[in-house]
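Below: one structure, written as structure tokens.
Per chain, numbering begins at 1; letters A, B, ... match sequence-line order. Note that the coordinates shown come from a computational prediction; the quantities given were computed from them, not determined experimentally.
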Amino acid sequence: MKEARLSNSAEAVFPAEKGSGRYLSSLRYALHVITHPFDGFWDLNREKKGSMAAAHTILALFLITYVMKLMYTNFQFIMVPVQYINVYERIISLALIFLVLCLANWALTTLFDGKGRFKDIYMGLCYALTPYVLIQLPCILLSHLLAYDEAEFYSVLISFSEIWCAFLAFIALMEIHDFGPAKTLVFIIATVVGALVIIFLVMVLLSLISDAYSFFVSLYKEIRFRLY
Amino acid sequence: MKRRILSIMLTLALVILLTQQSALAVDDGFSSVYTYNYDYWGEVVESPDAYRVEQVVSSASLNLEVPMSSPQSLFATGNTLYIVDRGNNRVLQTVRTGYTFSLSRIIDTATGTEDDYKTAEAVYKARKAYEDLIKQREDAEKKLDQLKTELKDLDYSEQEEILTEEEKQKAGEKTEQKEKEIQETELLIEQLAEQMPAAYDTALEEETKAREAGCRIWQYEAWHKDEEGKVTSTLDSPNDISVDKDGNMYFADTNNQRILKTDKDCNLLWEFVKPLDSTFDQKYSFLPTKIVTDSTGRVFALATSVNKGLIKFEADGTFTGFIGANKVTYNTWDYIWKRYLSTREQRAQMADFVPTEYKNLYIDQDGFIYATNVNFSEYDLMGDGAKPIRRLNMLGDDILIKNDRYPPIGDLDWKEGMTPNDYHGPSKLYDITVLDDDMYCAIDRSRGRIFGYDQQGIMLWAFGTRGAMEGASNGAVSIEHMGYDLIMLDEFTGNITVFTPTKYGQMIYQANHQYLTGDYDGSAATWKDVQKLNANYKLAYIGIGRAQMRKEDFTGAMENFKTAYSRVNYGKAYRYYRQEWMEKNILWVALAIGALVVFLLLRGMRRKSKWEVFEHERSKAFKQR
């Protein structure tokens with residue numbers, strides 16, 4: 001069935017290429033994924049339609065879009081205390097949250113016969129971020145063309161892109177792990193909890209390391225004090 | 001050479017002259033107070049002084065024999081300032097001439113007529129009888145409640161303990177006795193209830209009769225007739241005064257349970273007392289604390305333990321209901337806790353969700369009542385649920401304009417107190433006064449600080465502090481104004497601090513006034529002068545931007561509005577700008593759209609032909625196979 005549908009789609013017409021051609025086609029495949037999420041995410045890994053390079057690119061674009069939105073959207077629509085914002089900090093923290101969520105999801109689903117590997121989950125979720133880039137990047141331009149009382153246009157587009165992304169992420173996890181919708185929902189909630197646990201553990205680890213470090217530093221100081 | 005020496009000497013002279021002048025400008029003998037404002041992000045922005053202390057008036061400077069004790073309120077009209085000296089049961093009338101305040105009289109007694117005094121006695125007796133009935137009934141009900149609980153306890157002890165026959169009998173007797181008592185009390189309550197309508201009717205009848213006879217004394221107990229037949233009444237813990245344009249005075253004479261209206265020579269005109277009305281809870285005493293009067297002679301009062309809003313009396317003395325009741329506020333968690341998670345006993349001990357009472361009132365020139373409110377949860381404050389400052393219309397709706405990012409709530413920084421003496425939490429706005437052009441100033445008792453707002457609800461400035469210095473106060477209770485001078489009363493010291501606007505403060509008022517009266521160019525010029533003194537003043541940017549918009553300089557206006565973070569104004573300016581731009585460049589826009597359409601069409605055609613070629617190839621391959 002899937003084979004049959006595939007043969008009619010444009011992807012069957014322009015088959016995957018090698019090298020930079022493959023990169024471009026896998027990037028272009030994101031456009032197919034967001035409009036045909038069920039098939040698209042199924043084929044993403046199983047048919048090798050997506051690539052890690054493309055996933056990295058989409059994630060990078062997402063992060064850049066996020067920061068550009070904060071910095072360059074007209075002040076009528078977003079009020080960001082630009083004087084307090086550290087762009088790098090924002091990028092890194094967002095990327096880390098994304099990775100921790102991927103990790104938590106992978107860690108949980110492998111235990112409950114999810115089919116996806118970490119790579120698959122990462123790729124799927126990256127592809128799911130495509131609408132954010134596609135809609136919100138032009139929205140920055142749009143924000144400079146609209147007046148304050150037309151804010152509805154802007155906010156509708158923004159929320160549309162966010163809902164679309166969330167929907168895609170849901171489908172992505174469903175297809176990647178070959179779960180049903182209810183199970184996916186449960187695992188999404190569990191993923192959020194898992195991510196919090198990971199963050200907690202990392203913090204505990206960091207504080208332990210800093211304690212250990214300060215212990216050795218004081219030990220060194222003590223010895224030096226005694227010997228000299 | 002000579003020339004050079006001359007020029008040097010001239011320069012020196014000039015320098016000396018200039019420095020002297022600037023020194024003079026700084027030191028004019030007025031103390032300054034720390035002034036600040038908040039920027040868009042809620043951060044403190046220091047500002048030049050908008051006000052300075054002109055003088056501090058005290059009991060000593062007024063030459064009072066008895067110093068003021070716990071004064072509660074100020075009322076200014078023209079050059080006259082009334083000070084309500086509660087602790088000494090009097091009102092001081094002072095007059096300001098130039099810079100000095102001098103005492104013109106002490107008001108503590110009102111005079112009535114003998115006829116009124118006579119008529120009032122009958123009303124008083126009828127009313128007293130009715131009130132006695134109410135009281136008796138209340139007592140009986142209380143007793144009934146107590147008896148019932150006692151009976152319940154007896155039943156309970158009978159069930160629980162294993163008793164001997166004798167003890168059982170004793171307990172039975174006790175129960176019987178209690179039951180009998182309960183029956184008696186119930187009967188008493190019934191009898192009292194039967195008597196009450198008649199007593200009420202008598203009281204009402206007497207009142208109507210007295211009213212028809214032109215009686216003006218209603219609080220009979222407060223009046224005395226001496227041997228010469230002179231009928232007088234003294235004030236008892238007055239809390240507020242209001243004076244109308246004819247010079248008639250209204251006193252919130254709290255412990256006498258009345259609002260006393262006299263003419264300017266203290267002759268009684270009317271007494272507003274507890275209304276004999278079912279909407280007014282007859283159990284409580286009528287203790288008016290704050291009053292305002294409008295131009296038609298209506299009186300609006302706040303009274304202790306009346307939480308239905310402002311009590312409204314018509315000019316002829318009739319009570320016509322409450323206006324502007326505070327809505328009951330409670331948070332969801334409290335509600336759930338109380339409704340579902342606590343036992344009946346716990347619930348009985350908890351505070352009821354009741355509407356809060358207002359703290360103070362002020363009536364502006366247009367007859368709108370400004371009210372402040374200090375009881376609210378901090379949670380409600382930022383979301384503008386608490387509304388500590390309200391502007392009530394005659395229906396009691398809040399119509400205060402709030403066009404700033406933060407609602408007018410006083411200070412935005414709720415410092416956590418480190419010591420018990422330190423203030424913390426939100427502002428407690430104890431009083432408010434409304435200047436010309438609907439600018440209003442509220443005083444925060446916890447900080448000793450005055451907050452000024454314009455008619456849009458945007459903060460003009462904040463200044464003042466706690467302490468004992470000039471311009472500081474620990475017990476601020478009241479604020480008034482004379483022109484643009486602000487007068488603050490300290491309850492503990494009895495000091496009255498007079499603040500006078502600096503040039504900076506005057507310019508802010510002036511610019512606002514010019515804008516409101518249609519002098520937009522003048523307003524912009526004044527705002528530019530303000531900007532020279534304070535480049536961080538948001539209102540100046542908005543003011544200049546508005547003037548630019550009138551002159552159709554939209555880019556300039558946009559720039560200024562952006563600096564002030566005023567989205568609404570920016571949006572308006574931008575719309576005009578966009579329209580102008582479109583009209584100018586309509587040709588290019590049309591061309592660009594045309595080019596885009598052509599491009600898309602061509603692209604579609606190319607794709608189609610490519611697809612056809614592919615189909616052709618495929619069908620060829622299929623045929624070959």
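Judged by distance alone, with hydrogens and angles left aside, the side-chain atoms of Tyr574(B) form a donor-acceptor pair with the main-chain N or O of His144(A) at under 3.5 Å. Remark: side-chain polar atoms of Tyr570(B) are not paired, donor with acceptor, to backbone N or O of Ala147(A) under 3.5 angstrom.
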Worksheet item: Between Arg567(B) and Met79(A), is a side chain to side chain contact (heavy atoms under 4.5 Å, CB included) present by the stated rule, with each step listed?
Response: CA-CA 10 Å; Arg567(B) 295 170 170 198; Met79(A) 276 301 221; 2.5 Å; yes
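Annotation for Glu559(B): atom CD does not count as buried by contact number, only 12 or fewer foreign heavy atoms lying within 6.0 Å. The environment of Lys528(B) atom NZ is sparse: at most 12 non-hydrogen atoms of other residues, nucleotides or ligands sit within 6.0 angstrom. Around atom OH of Tyr34(B), more than 12 heavy atoms belonging to other residues, nucleotides or ligands sit under 6.0 Å away. In Lys119(A), the NZ atom is not crowded: 12 or fewer heavy atoms of neighbouring residues, nucleotides or ligands sit closer than 6.0 Å. Residue Tyr40(B) places its OH atom among more than 12 non-hydrogen atoms of other residues, nucleotides or ligands, all under 6.0 Å distant.
Contacts of Lys562(B) with chain A are made by both backbone and side-chain atoms, with heavy-atom separations under 4.5 Å. The part of Phe561(B) that comes within reach of chain A is its backbone (N, CA, C, O), which places non-hydrogen atoms under 4.5 angstrom from that chain. Neither the backbone nor the side chain of Glu615(B) comes within less than 4.5 Å of any heavy atom of chain A.
Chain B is approached within less than 4.5 Å, heavy atom to heavy atom, by Asn74(A), Phe75(A), Gln76(A) from residues 50-76 of chain A, ordered by number.
In terms of heavy atoms, Asp149(A) sits closest to Arg575(B) at OD2-NH1, 3.1 Å.
Glu150(A) contributes atom CD, which lies 4.0 Å from atom CZ of Arg578(B) (distance to the nearest 0.5 angstrom).
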